[in-house]
Protein chains: 2
Amino acid sequence: MSQAYDVYNDRCPTRMVLDRIADKWAVLILDRLQDGPVRFNHLRRDIHGISQKVLSQTLKKIERDGLVSRTVYATVPVTVEYALTPLGRTLTETVRTLAHWAEKNMDAVLAAQQAYDAATAPPR
Amino acid sequence: MSQAYDVYNDRCPTRMVLDRIADKWAVLILDRLQDGPVRFNHLRRDIHGISQKVLSQTLKKIERDGLVSRTVYATVPVTVEYALTPLGRTLTETVRTLAHWAEKNMDAVLAAQQAYDAATAPPR
DNA sequence: CTGGATCCGTAACGATACTG
DNA sequence: CAGTATCGTTACGGATCCAG
């Protein structure tokens with residue numbers, strides 16, 4: 001993280017953006033949209049564990065951030081498609097590097113956790 | 001995000017790791033440790049807005065994940081230093097790319113938010 | 001100095017029911 | 001289909017006090 005801004009202080013704009021990135025559901029949604037527009041209930045089905053309420057809220061947030069677009073089709077019943085904006089696409093691309101890290105180092109993290117637990121819990 | 005794992009399903013290990021990355025305070029701490037070991041109260045002072053409770057909890061979490069090491073010096077009073085592990089360092093490096101994105105696109109996000117708010121709120 | 005323990009308010013979330 | 005509204009619960013964070 002660059003020191004161009006005072007990242008550790010409140011009112012830091014970078015920190016503000018970090019708040020948004022640090023949203024698990026938002027990241028998952030952004031990722032799911034990478035292959036093209038997806039409808040509301042389709043997202044709901046694909047992202048297991050998300051409630052329709054949280055999905056709705058999160059979509060609104062990232063739409064406000066300019067990361068996704070919302071397109072309503074006057075079909076009956078109505079159809080709504082969410083898609084990445086160009087800005088959103090640049091973000092998912094950098095998020096990809098995080099995912100790669102996760103896949104590569106997951107085993108190491110798991111091992112570390114087990115070691116930690118073994119070193120702290122067993123005294124019992 | 002790669003599709004090697006079923007990222008959208010629970011029980012997905014990548015998603016588990018994502019949970020940790022999606023922790024604003026953890027990211028801030030990891031970042032602060034990039035230039036070398038830092039003591040508890042020093043972290044507390046530098047990362048404005050974090051409470052000592054949350055700092056303590058977060059440090060434990062990322063220590064358990066093997067991302068930071070905790071070293072106690074038998075001074076008086078006692079001194080504790082936190083430092084990045086090699087694993088932790090690889091993570092901060094990828095997180096850096098996120099920060100770069102934030103700095104580069106912050107203005108665009110801000111503009112998008114204002115446009116969104118202007119398009120939704122004003123009907124009032 | 002480095003935390004642990006406690007209390008307590010708030011914001012987040014899940015479930016459910018209802019609407020255009 | 002795509003949401004909104006309401007309710008109840010829970011998890012999280014802040015503040016304070018205390019201990020090794």
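Quick caveat: nothing in here was measured; it's all calculated off a predicted structure. Here is the naming used below: chain letters follow the sequence lines, and residue numbers restart at 1 for every chain.
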Between [atom2] on [N] and [atom1] on [X], what's the gap in Å once rounded to a whole number?
{"X": "F40(B)", "N": "dC1(C)", "atom1": "CZ", "atom2": "P", "result": "11 Å"}
{"X": "R70(B)", "N": "dC1(C)", "atom1": "CZ", "atom2": "C1'", "result": "12 Å"}
{"X": "K60(A)", "N": "dA5(D)", "atom1": "NZ", "atom2": "C1'", "result": "11 Å"}
{"X": "D46(A)", "N": "dC1(D)", "atom1": "CG", "atom2": "C1'", "result": "16 Å"}
{"X": "L43(B)", "N": "dT2(C)", "atom1": "CG", "atom2": "P", "result": "9 Å"}
{"X": "R45(A)", "N": "dA2(D)", "atom1": "CZ", "atom2": "C1'", "result": "12 Å"}

* Should Y82(A) be listed as having a side-chain N or O under 4.0 Å from OP1 or OP2 of dC1(D)? -> no

* For the residue pair T94(A) and W101(B), what are the closest heavy atoms and their distance? -> CG2-CD1, 3.7 Å

* Structure fact -> With sugar-phosphate taken as primed atoms, P, OP1 and OP2 and all else as base, the protein-contact string of nucleotides 12-20 of chain C at under 4.0 Å (heavy atoms; B, S, -) is -BBBBB--B

* **Candidate nucleotides dG3(C), dT4(D), dA2(D), ranked by approach to the side chain of S56(A) - the nearest** => dT4(D)

* **Options dA2(D), dT2(C), dG3(D), nucleotide nearest the side-chain atoms of R39(A)** => dA2(D)

* Taking only Lys NZ, Arg NE, NH1 and NH2, and the carboxylate oxygens of Asp or Glu, determine whether D23(A) and K61(A) approach each other closer than 4.0 Å. => yes

* Determine whether V80(A) and R39(A) make a side-chain contact, defined as any pair of heavy atoms from C-beta on separated by less than 4.5 Å. => no

